[in-house]
Structures are given as C-alpha cells and as structure tokens.
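Here the structure is laid out as structure tokens; the discussion comes afterwards.
Note that these values count all heavy atoms, side chains included, but never hydrogens, waters or copies made by symmetry. Reminder, nothing fancy here: chain letters follow the sequence lines and each chain counts from 1.
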Amino acid sequence: MAWPFISSMNPARDVLALSTTEADIKSVPVGGAVTLVWRGKPVFVRHRTAAEIESAVNVDLAELRDPQPDSARHKAGKAEWLVVIGVCTHLGCVPLGQKPTDPRGDFGGWFCPCHGSHYDTAGRIRKGPAPANLALPTYAFTTDTQLKIG
Amino acid sequence: MFRSALRALALLGAMAAGPAVAPALAQDHAHEAEELPHTHFHFAGLFGTVDRSAAQRGFQVYKEVCSACHSMRLLSYRNLLELGLSDAEVRAIAATVTVNDGPNDEGQMFERPGRLSDHFRSPFANDQAARAALNGALPPDLSVITKAREEGPQYVHALLTGYSDPPPGMTMGGGMNYNRYFPGNQIAMTPPLREEGQVEYADGTKATVEQMAFDVVNFLQWAAEPEMEARKRMGVKWVLFLVILGGLAYATKRKIWANVPH
Amino acid sequence: MSIGLHNSAFKNPVIRWVDSRLPIFSMMQNEYGSFPTPKNFNYFWNFGALAMINLMIMIATGIFLAMHYTPHVTMAFDSVERIMRDVNYGWLFRYVHANGASMFFIVVYIHIWRGMYYGSYKAPRELLWMIGVVIFLLMMATAFMGYVLPWGQMSFWGATVITNLFSAFPVVGDSIVTLLWGGFSVDNPTLNRFFSLHYLLPFVIFGVVFLHVAALHITGSNNPLGIDPKGPQDTVPFHPYYTAKDSVGMVVYFIVFASLVFFAPNLLGDPANYIPANPLVTPTHIVPEWYFLPYYAILRAVPDKLGGVLLMFGSILVWFILPWLDTSPVRSMRFRPIAKWFLLLWGIAFGTLMYCGGKPPEGIYVVLSRVATLYYFAWFLVILPVLGRLERPLPLPESIAKPVLRGGGPLPAGAMTKPMEKA
C-alpha cells in the first residue's frame, strides 16, 4: 500500500533519461582540467602531467584510507586522463582544484573547502573527514578524445 | 555606524531574549579578509534615508560603466521613478534599449524599444556568453549585491577603490588584477573606475573615482533594498506603539497582581 | 436542561445554545479562564504562550507568501525577490517570516531551558516533555526545508550537506539520499517536495502542540519551586492573572521581533543566500542558520562520518530519555546546589558549540567543539544519573503559599473559590 507513495519520490523517468553526457576533451592542455555536468553533478576531467601520474602511482597503498591503486582509477592506456565525480564523499560539496588559481590541497589533487578533505592526483582521499575516494562515473572513450559519461 | 547601530540593537535583543543569539552575532565577523575602511552613507542608521541625488548619479555610473558587463535583472525601468527620475527621463532611458518580444500575429519574434515595465536589459544573453566574452570570468548580477556580501555597501565601496599594483613577490594569474579587499586579492574585473571625469555628472559634481564609487554604492544599496525607507518608517511607528503598549500592559499586570502575595 | 446536552453555565442564549451542544465555551473557560495555575510563575513561564503566538505568525505569513512564491529552480529566487519588490507588503511578510523562524527558535530554546532548569520534564510530566521534543524535531525539519525555498547558495548547499548526512548509514544510505532528492542531486524535484512538506509540517506541529497543551492541562503546570500546589491558596485562575502577565512578555517579545524585522532584517541571515543557487560552485564557508550551529559543531567534532551523524542525531534524541536519566527526587534546580552549576556549564557548552559551529573546522575550534560535545553528553549520560543519587538537595518549602504568605495577606478571590482540580 505504501509503496506507490514511496516509489513516487524516487527519480522520475525523465530524470533517469538524462543519464548520459558526451564531450570532446582534446582542447584540454596537459596539466589542465575541465568540469562537465552529468546528472546535475560536476564531473572533473583532468589531463594529468607525467609528474602527477608518477606521484599517484608511487603511493604505499597501506597508508590510504580507501586503498585503490592508480591503475584502478583510470581507463587502461589512458593514464593521462582522470575522470572523477567532483563531489566530496563527505557531505557533497564540490572540491576546489579545477582552476589554476584554486588551492589543490596537500597532495596536489583537490581540496574540499567545506570540511577540509584533501584528495590526491588520482582523486583518492588522503586527509580530512571524507570516508572514500572521489567516485568514478561510468564512462568510455568513444574516440581517442571523445568522452561519453553514463 | 549603520552596522554598529544594528549590532547594538541586536545585542539588546539578545539580552532581552536570552543568550541564544549572541554567538550568531560573533559569526558575522568570520569571513573577513582585510579590515574594510569605513565610509559613512546617508542610508545608514535607524533613520537613514536614500540620498536621491547620490543614488541618481550612481545610476548614471552604473549605466555608463558597470552595465557593460554587469546585469541587474531584478530591476525594471519603472523602478527608476521611485529613485526620483521624471517619467519622461525614465521613458527615454528605457527606449534606448531594444527588447525581444513576440510572437506577433504572424508568429514572428520582433524587436521593439524598451518600456517602463521591462526589466533592465542584461549585457549578455546568458552566463556562458558572459564567460566567453570575458576570458572565462562571470560578472555577478548587481541587483542585490549589497545584500549578497558581508558588510555589503562598505565592501563594494572598498573594492571599487581598492585596486593597486600587486605587492612585490606576488605572482598574478593571467588577466587578473590586484585588489586589496577581494578575497584572495586576485580579481578578474579590471579597475572599473579609473580616472576623474569618466562620467560627466549633470549636476556639476566633480566625478572623482572616490565620488563615483560612493555614488554607485548609494544606487546599488537602493536597488537591493528598495523597501528600506518604508521599512524603517513603519519600524519606528511599531516600536513606539509597542513601548507604550508595554507600559500599559505592565501597569495592568501590576494592578491585577496587587492583591496576590507572591 | 434536557438529557444529552451539556449543562452550560453561560447566560448569553446564543453562547448557551452552542455550548450545550458543543461545550467549546466551557472548555475555553475551564482551560484558559478559571484554570488553576501556580501563582509563583516567573517570566520564564511566558515562553510557551510566546511560542504559540510565534507559530500562528509563521503560519499566517507563510500562507500569504505561498500565494506568490514559485517552487521551481529557475524561478524560486526571482519569485522571492519579486515578493520583496513588487508584492504589496511582501517585504514585510517575508522579513517577518524569515526572522520569525529565528524568533521561534529563541523562544523555544528558552522554553526548553526553562524546562531543564526547573525540572519540568520529571514525573508526572514525562510525556508532556517528550511531546515537546517531537515538536522541536518537527520545527527543525520545517525550518530546514523552509530555508531551502529561496534557492540561494546557502539554501542549495545546506540542503546538499544535510541530505547527504543520510548517506552515512551503511548499505541503504545512498538509496535513502536518492529517494530524498528524487534525482541524483539536490534539484527541482527536491525543491518541490520541500515546498510541499514545508507547507504541511506547520499544521502537524499545530496538532502536536494541541497534544502538548492537552497533556499540560492534565498534569498542571510546574513552577519555579518544583513542588506541587497543595490547594487553592497556591494557585490563581489563569485569567486574568496569567493573561496579564503573558501580555507583558508578549509586548517585549514583539519589540525584539520588530527591531529585527524593521531595522536589521538580514542580521541573522547569511549574505550568500542572496546569491542564486549554483550547483557547480560551493561557497567557501557553508554554515547553517544560527539555530542549527550547535548540532553542526557536534557533527564536525567527530572525525568519523557515521559517528558524527549518529552523535548529532543523538544529541537531541537523548532529550527523550532525560526524565529517566535524572535520578534526583527534587525538580527545581533552586534546591540542587551542585547540579545547578553543572547545568549552567551545560548551557555554556551549548553556547560554545553554537559559536564553534559558525567557525571554520580547524585548530582551536575543533578542540573546543570536542570538549563541549563531550560535556554535552556527559551531563546527560553520567553527571545527571550519578549526581541525583549523591547530591543532598536543600530543604523544600512546605508549599507554594508558605514562603510568601509569611507576612500574611488576603488571598485572591479566584484562588479561594476555585478548588485545585484536574482538567
């Protein structure tokens, strides 16, 4: 009896239909980043430098709160492109670090101004109250520089 | 003085109402970067009113300088009548812009001159167009800007007069300007009020940078709180009435309780 | 008087006709006219009536605001500003409604403090107190959803942070949050349902307030001495004695209220809420309205997400069991020489949390929040239960009338004629 009422509060069909976003990312320079919108949330796409990839790879997994190797954070053969959902896993703020003038936190990735969570260059939580790494959206490269999210 | 009067007032409230609000007042100061210089405005204080001539000059500054980038989409041309401009003046100002209207009987959209009932025309069609034209920066809408910033009028005034060369050793981002009062000190807006005489005031007031900044703050404050004068007038009446009523209520209470030992 | 009709004492034929069939006039007379009330109330006892008035003001202004407001993400902000600019007296309604929320919390916080200080939660008023806690929770939900409606930056990000609290619960957390949002982020469906519930909940509050008052009229009011009235010499009829006293408090309350509305309408608000909501930009400091700051500070004092959320909810849920945590045989803190100071310290801890909640979560503020949170819970869970057994209370007066009747004096007429009856 109660189910139709509860169910009606869940995402409606038109909301669910808006579930894919496509973007061309070839204009993003090395070291640069772009923010896309997917399902009303920001998606961070960062074109990582060699140094940033290296610092993400050379991390002792034992010291991570949510241990994931860098290889699990990007598509195989696409280490330079990091695609994460730009929503802090603590309480949903948008971390800073996309613009060159933004603070990027102690680990060169992103810094959430709300409650002080620091993310590294693979979007992994390193310091602060957030419990998990920045979430990865379902995405695929339809061409070398064409990104399809969702 | 406006702010300090408010604080005193609220403190009074806090004392009357208990300790609950006091911390919220302290919170007011939390986000301040550099201490703002203090300017006295005519609208400050419990009885402060809009300085119409300053606000009218301020509108001229907005129209000739700020409106190249900043919208004020919540205002309509008819609102300028409340600022003391004449009907003919306001109609002339509105008619200088073209407004998209329609569809007409043939189903076509068409352009027509602005009318009193139209909203202020925005310089850009949307945020994306603004960013594309302005090197990625988005000029905020100014309709309620003095309400949307901590210590709004003081902040806007300080910002407009706070440009200078960056201190030695500070590296500026591309296209950024140094401003003492902007959080982070790097602002994308180029100094809008640069030189004396940038606008020519009809009333002969000397248009120094300081004067223009002062005038435009008067205008923006009026735009953000058009109800301010009516609000304060009504407030004075209400508080006086309540104080008298309070005296009567207390006297009544004393009389009723006079025979009850308690 | 025929059988089946209420035996009405009213003389006016119309009132008498209605009253014999539906005794609302008798009820009003019994509950608010002749209702025997302890005669030693201080001004702290004004705040229940003030809260009632405040609720009425909120409902009245809210209904008229709703006639002009548009619950849609692209129009909500502008429709609120339109109310401020173009609707006749719209600015008055909106500022009364916005500041009325703050006034409501000021009044209710003092009302709760009164209950704690004078032991109004203790037997036989446990259920009365618990109903009060329910009202407070409903108030918080209503205030939170109302704050979202203007769709400014703080509206949006406050909603985001608070709804995300539910994601802390394991397994079902994310589904709950999606259900609350009706989408994948705070968006138009969220705004719509918040508007719907914000309109509904005040009437639920009204109903629960009715239960609160009904329960109060069964047990009768507590009083500053915390001892039961022993007879008519201890009470006065509610009218005119307390209607007159409440009127004094009411006028003072309206002076404070009017000062805020007319001279500092945005003092207690956040400037960021005059910036339209932008889902892609988080303001640097997300702070809730002042009345939520203590709980926000508790949330942030705990380094663990789930722990913080549980502690935050626990900080109010613990009030439900307060009647059983307090083991002392006396109600009023006037006669508890030690507990009085510990309770005062709890008040200071609450104030400290409120202060820290508005500050960035770093350095000294984190330390302060943690100490204050620790004491907040220690007072309820350790100090109150233990102290009640150890502390030796001061001797209680024989009756309410005794300490004040020493000089002698005539009793009020109403108190003489009206026996102490249970409503």
Look at the side chain of Asn79(B) and the backbone N and O of Ser76(B), then say whether any donor-acceptor pair between them is shorter than 3.5 Å. yes

Between Met234(B), Met228(B), Glu225(B), which is the residue that forms a side-chain contact (heavy atoms from CB on, under 4.5 Å) with Trp91(C)? Met234(B)

Which bit of Arg254(B) comes within less than 4.5 Å of chain C, counting heavy atoms only: side chain, backbone, both or neither? neither

Measure distances from Ala251(B) to the heavy atoms of chain C and classify the residue's part below 4.5 Å as side chain, backbone, both or neither. neither

Which bit of [X] is near chain B, if near means a heavy-atom gap under 4.5 Å: side chain, backbone, both or neither?
X	result
Phe257(C)	neither
Asp86(C)	side chain
Tyr43(C)	side chain
Pro294(C)	neither
Phe77(C)	side chain

Over 60° means perpendicular and under 30° means parallel, so tell me whether Trp238(B) and Phe241(B) are parallel, tilted or perpendicular. perpendicular

Does the plane of the ring in Phe350(C) sit parallel, tilted or perpendicular to the ring in Tyr295(C)? Use 30° and 60° as the thresholds. perpendicular

With chain B, which of Ala272(C), Pro265(C), Ala258(C), Ser247(C) has the greatest number of heavy-atom pairs at distances under 4.5 Å? Pro265(C)

Out of Glu227(B), Lys147(B), Arg73(B), which one racks up the most heavy-atom pairs below 4.5 Å with chain C? Lys147(B)

Centre-to-centre under 6.0 Å for [X] and [Y], is that the case here?
X	Y	result
Phe43(B)	Trp222(B)	no
Tyr89(C)	Phe93(C)	no
Tyr242(C)	Trp257(B)	yes

